Amino acid sequence: MKLTSKQLREKWLNYYKNLGHEDIGAVSLIGDGSTGVMFNVAGMQPLMPYLLGAKHPSGKTRLCNVQGCVRTVDIDEVGDESHFTFFEMMGNWSLGDYFKKEKTKWSFDFLTKELGFDKDKICSTVFAGNSDAPRDDEAAAFLVEAGVKKENIFYLKDNWWDLPGTVGTPCGPDNEWFYPRHDKPCSDRCDPTCECGRWVEIGNDVYMQYKKLEGGSVEPLKNKNVDTGFGFERLLMYVNGLTDGYKTDVFSSVISFIEKEVASKYGVDSETTKSMRIIADHIRTSVMLIGDVNGILPSNVGAGYILRRLLRRAIRHAKKIGLEADKLLEVAKIYIEQIYNESYPLLVKKEDYILSSIKAESDKFLKTIETGNREFDKVVSGLARKLEFMKKNNPEYVESAADHCISGKAAFRLYETFGFPIEMTIEMAKEKGLSVNEEEYKEAFIAHQELARASSQVAKSGLASSGEMETKYHTATHLLNAALKKVVGETSHQMGSNINAERLRFDFACDHKLSSEELKAAEDYVNAWIKADLKVTCEEMKKEDAVKAGAEHQFIEKYPDIVSVYTIGDASKEICTGPHVEHTSLLGHFVIKKEEASSAGVRRIKAILE
């Protein structure tokens with residue numbers, strides 16, 4: 001059976017909607033801080049509160065969706081035929097509704113009847129049991145009843161899901177679905193437990209039927225849940241009889257475009273093919289992150305750093321194969337206008353913003369990449385000359401790994417001066433058979449941070465000093481931030497600030513120039529809150545509790561475990577380091593003097609207090 005990506009997405013959703021499931025749609029790719037991760041890395045992650053017992057807002061107990069995810073731990077692996085940084089998970093859930101009997105049949109029927117998988121090739125693994133929970137013979141029996149051959153069911157101890165480090169939370173066995181990439185077994189024992197690469201997991205049904213107790217033991221849950229996740233890209237590849245994920249239609253038009261631009265065929269030269277895959281993957285993920293409902297922009301910290309790393313790696317590989325940097329915008333347009341225009345309509349609405357953001361980062365990097373590459377080549381040549389000198393002057397010199405290792409100081413200079421992420425320097429070094437002293441790099445980086453911190457103590461929270469007016473202006477930025485969220489929308493958030501005794505400067509995410517009406521509305525909100533003489537309170541709490549309480553924050557992973565949350569009446573709640581006035585009436589009258597562009601997707605307001 002041949003299916004397009006749009007057809008597969010529709011099949012999944014329609015199949016489960018016909019079985020009484022509510023399509024709950026996808027949520028933001030950007031983690032909200034409550035789960036401790038930067039991005040949503042699994043389809044079930046946003047549903048965790050409901051799997052733990054909370055009632056879903058829809059009121060339904062059967063749910064389904066196709067959820068975008070971003071996983072960056074494998075960035076260095078992208079370039080082969082199966083790794084992606086952005087991917088989609090097709091999910092469905094039972095919140096205390098159906099259980100193993102229904103789910104095993106529905107998963108098997110979807111694979112065989114809807115997608116045409118060979119029922120005799122499908123394999124499944126189930127929980128082998130341990131001292132706390134019995135072997136999952138129940139799931140195995142239902143799998144056989146559904147149609148899986150008994151000899152294709154394997155018992156494994158790893159088929160168990162729980163939340164590490166927690167007590168009182170759901171847990172239980174899982175049932176993983178496998179399909180062979182080809183029909184050439186490596187041996188008579190070539191099954192899903194084999195590491196030869198023939199077998200790939202295509203889906204997983206988790207049965208949350210126990211509650212974790214102290215000491216690791218479990219007890220049965222009254223309300224049992226099912227959590228299903230099937231990899232969209234993997235299924236699309238298999239359905240179309242492919243072994244290379246980049247040959248599916250979510251990538252094929254992009255790959256064809258790159259082929260024409262660089263006059264080279266995909267799959268002929270391994271290095272060129274690797275670069276094509278990296279470009280296709282990284283631009284796709286960048287489009288998704290910038291165009292997300294909580295979209296981010298390239299920066300040097302947090303999620304923005306990951307985005308910058310992806311874009312700069314794509315730019316470097318484009319340059320490597322002769323693809324002009326501006327053509328990356330055309331790649332982005334293919335994703336926005338052709339591939340995801342229906343499933344992610346927000347991308348179409350934000351197209352100009354996405355393209356301008358990519359171009360801004362590209363232009364910024366291109367200004368330094370030539371000089372940076374020359375500097376990198378100098379470092380490499382210096383290592384070679386040093387080794388040659390040592391050998392020439394000492395015939396008994398024994399060559400070691402240190403002779404082929406770029407110093408951490410040199411790597412940090414490439415980062416600080418030319419914007420080369422350390423990962424890029426490591427990758428470039430690897431291509432030349434070299435390594436990088438990462439520990440020394442970390443030491444140089446920490447030393448730089450400490451120096452910067454020592455020289456900017458008085459500029460904490462954007463303040464030039466801690467005087468009376470600076471304190472007032474700092475409090476006013478909280479009100480301005482809150483006002484902009486009402487005027488511009490929730491996508492507006494602080495990107496930076498600078499405060500002195502004469503004025504405040506506030507940078508915020510926004511994809512358009514604010515109209516005079518919008519500026520007046522923001523002013524009015526701030527002055528209304530000032531006039532209301534709202535009390536400013538500070539409370540120390542755990543970081544995760546602050547996030548749950550709705551405190552505004554940026555780069556939550558940079559904060560300590562205990563944070564200060566400043567609340568201004570019902571207008572503003574932010575994690576902050578202070579200082580602030582005690583009542584808003586102390587601020588005076590707020591006036592916006594200027595609004596202008598700061599960078600792509602970032603606007604800047606300058607304001608005073610009269």
Side-chain angles (χ1 to χ4, degrees), residues 5-6 8-9 25-32 37-43 45-46 65-75 78 83-91 229 231-234 236 245-246 248-255 257 277-299 302-315 317-318 328-362 490-491 493 509 511 600-601:
S5 55
K6 293 178 181 179
L8 176 58
R9 186 177 280 105
V27 300
S28 173
L29 292 170
I30 317 299
D32 63 4
V37 294
M38 202 174 288
F39 304 113
N40 280 324
V41 298
Q45 188 177 316
N65 74 354
V66 179
Q67 172 67 46
C69 304
V70 172
R71 193 172 295 169
T72 58
V73 293
D74 295 329
I75 286 181
V78 173
H83 279 90
F84 317 105
T85 49
F86 169 83
F87 60 96
E88 293 182 281
M89 288 297 291
M90 303 189 296
F232 181 80
E233 284 83 359
R234 284 183 179 176
L236 184 63
Y246 289 88
T248 64
D249 75 332
V250 293
F251 291 110
S252 57
S253 53
V254 164
I255 296 295
F257 172 79
R277 289 169 178 162
I278 289 171
I279 294 165
D281 173 84
H282 288 6
I283 295 300
R284 181 174 75 144
T285 305
S286 298
V287 164
M288 291 296 181
L289 289 176
I290 298 170
D292 188 80
V293 65
N294 295 325
I296 58 173
L297 291 171
S299 72
Y305 176 76
I306 298 296
L307 174 59
R308 170 160 286 167
R309 182 182 167 193
L310 290 169
L311 280 171
R312 293 192 169 188
R313 192 170 186 233
I315 294 165
H317 279 273
L328 296 179
L329 300 181
E330 298 300 318
V331 170
K333 287 175 72 173
I334 293 172
Y335 286 125
I336 297 168
E337 298 175 3
Q338 299 177 30
I339 299 172
Y340 294 110
N341 57 320
E342 294 178 10
S343 50
Y344 292 88
L346 184 59
L347 298 179
V348 179
K349 292 181 180 179
K350 296 180 70 173
E351 179 171 4
D352 290 344
Y353 174 67
I354 295 168
L355 297 179
S356 64
S357 300
I358 292 175
K359 179 167 174 44
E361 181 65 16
S362 176
E490 286 300 318
T491 56
H493 53 265
D511 59 1

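Residues take their numbers from the sequence shown, with the count starting at 1. Side chains are part of it too, since the values below use all heavy atoms of this structure and drop only hydrogens, waters and symmetry mates. Please read these numbers as outputs of a predicted model, since none were measured by experiment.
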Assess whether side chain to side chain contact (heavy atoms under 4.5 Å, CB included) is satisfied between Met90 and Leu8, documenting all intermediate values. CA-CA 10 Å; Met90 303 189 296; Leu8 176 58; 4.2 Å; yes
I'd like to know whether Arg9 forms a salt bridge (Lys or Arg N to Asp or Glu O under 4.0 Å) with Glu88, so could you lay out the CA-CA distance, the side-chain angles of the two residues, the decisive distance to 0.1 Å, and finally the verdict. CA-CA 10 Å; Arg9 186 177 280 105; Glu88 293 182 281; 2.4 Å; yes
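For residues 302-313, every residue pair satisfying the salt bridge (Lys or Arg N to Asp or Glu O under 4.0 Å) rule, not counting sequence neighbours, is listed here: Asp76-Arg309, Arg308-Glu361, Arg309-Glu423, Arg312-Glu361, Arg313-Glu427.
Residues satisfying the ring pair (Phe, Tyr, Trp, His ring centres under 6.0 Å) test with Phe257, not counting sequence neighbours, are none. Among residues two or more places apart in sequence or in another chain, the ring pair (Phe, Tyr, Trp, His ring centres under 6.0 Å) test is passed with Tyr344 by Tyr340. Residues that satisfy the side chain to side chain donor-acceptor pair (under 3.5 Å) test with Asn65, not counting sequence neighbours, are absent from this structure. In this structure Glu351 satisfies the side chain to side chain donor-acceptor pair (under 3.5 Å) test with no other residue, sequence neighbours excluded. Not counting sequence neighbours, the partners of Ala332 by the side chain to side chain contact (heavy atoms under 4.5 Å, CB included) test are Ile283, Val287, Leu355, Ile358. Listed by chain and number, the residues in a side chain to side chain contact (heavy atoms under 4.5 Å, CB included) with Val27 are Asn40, Pro46, Gln67 (sequence neighbours excluded). Applying the side chain to side chain donor-acceptor pair (under 3.5 Å) test to Ser28 and every residue at least two apart in sequence or in another chain returns Asp292, Asn294. By the ring pair (Phe, Tyr, Trp, His ring centres under 6.0 Å) test, Tyr335 is found to be paired with no residue, residues two or more places apart in sequence or in another chain being considered. When the side chain to side chain donor-acceptor pair (under 3.5 Å) test is applied to Ser5, the partners found at least two apart in sequence or on another chain are Asp249. Under the ring pair (Phe, Tyr, Trp, His ring centres under 6.0 Å) criterion, Phe84 pairs with Tyr246, Phe251, sequence neighbours left out. A search for side chain to side chain contact (heavy atoms under 4.5 Å, CB included) contacts involving Thr85 returns Ile75, Val78, Asp281, His282, Thr285, Leu310, not counting sequence neighbours.
Of all the heavy atoms in Ile296 and Gly304, the pair that sits closest is CD1-N, 4.1 Å. Smallest separation of non-hydrogen atoms from Ile279 and Ala314: CG1-O, 3.8 Å. Considering all non-hydrogen atoms of both residues, Met89 and Gly229 come closest at CE-C, 3.5 Å. Leu347 approaches Gly291 most closely through the heavy-atom pair CD2-CA, 3.8 Å. Looking at every heavy atom in both residues, Ile315 comes nearest to Ser362 through CD1-CA, 3.6 Å. Closest heavy-atom contact between Leu29 and Cys69: CD2-N, 3.6 Å.
Using modelled atom types, no side-chain atom of Lys359 and backbone atom of Leu329 make a donor-acceptor pair closer than 3.5 Å.
Residue-environment remark: NZ (Lys6) exceeds the threshold of 12 foreign heavy atoms within 6.0 Å.
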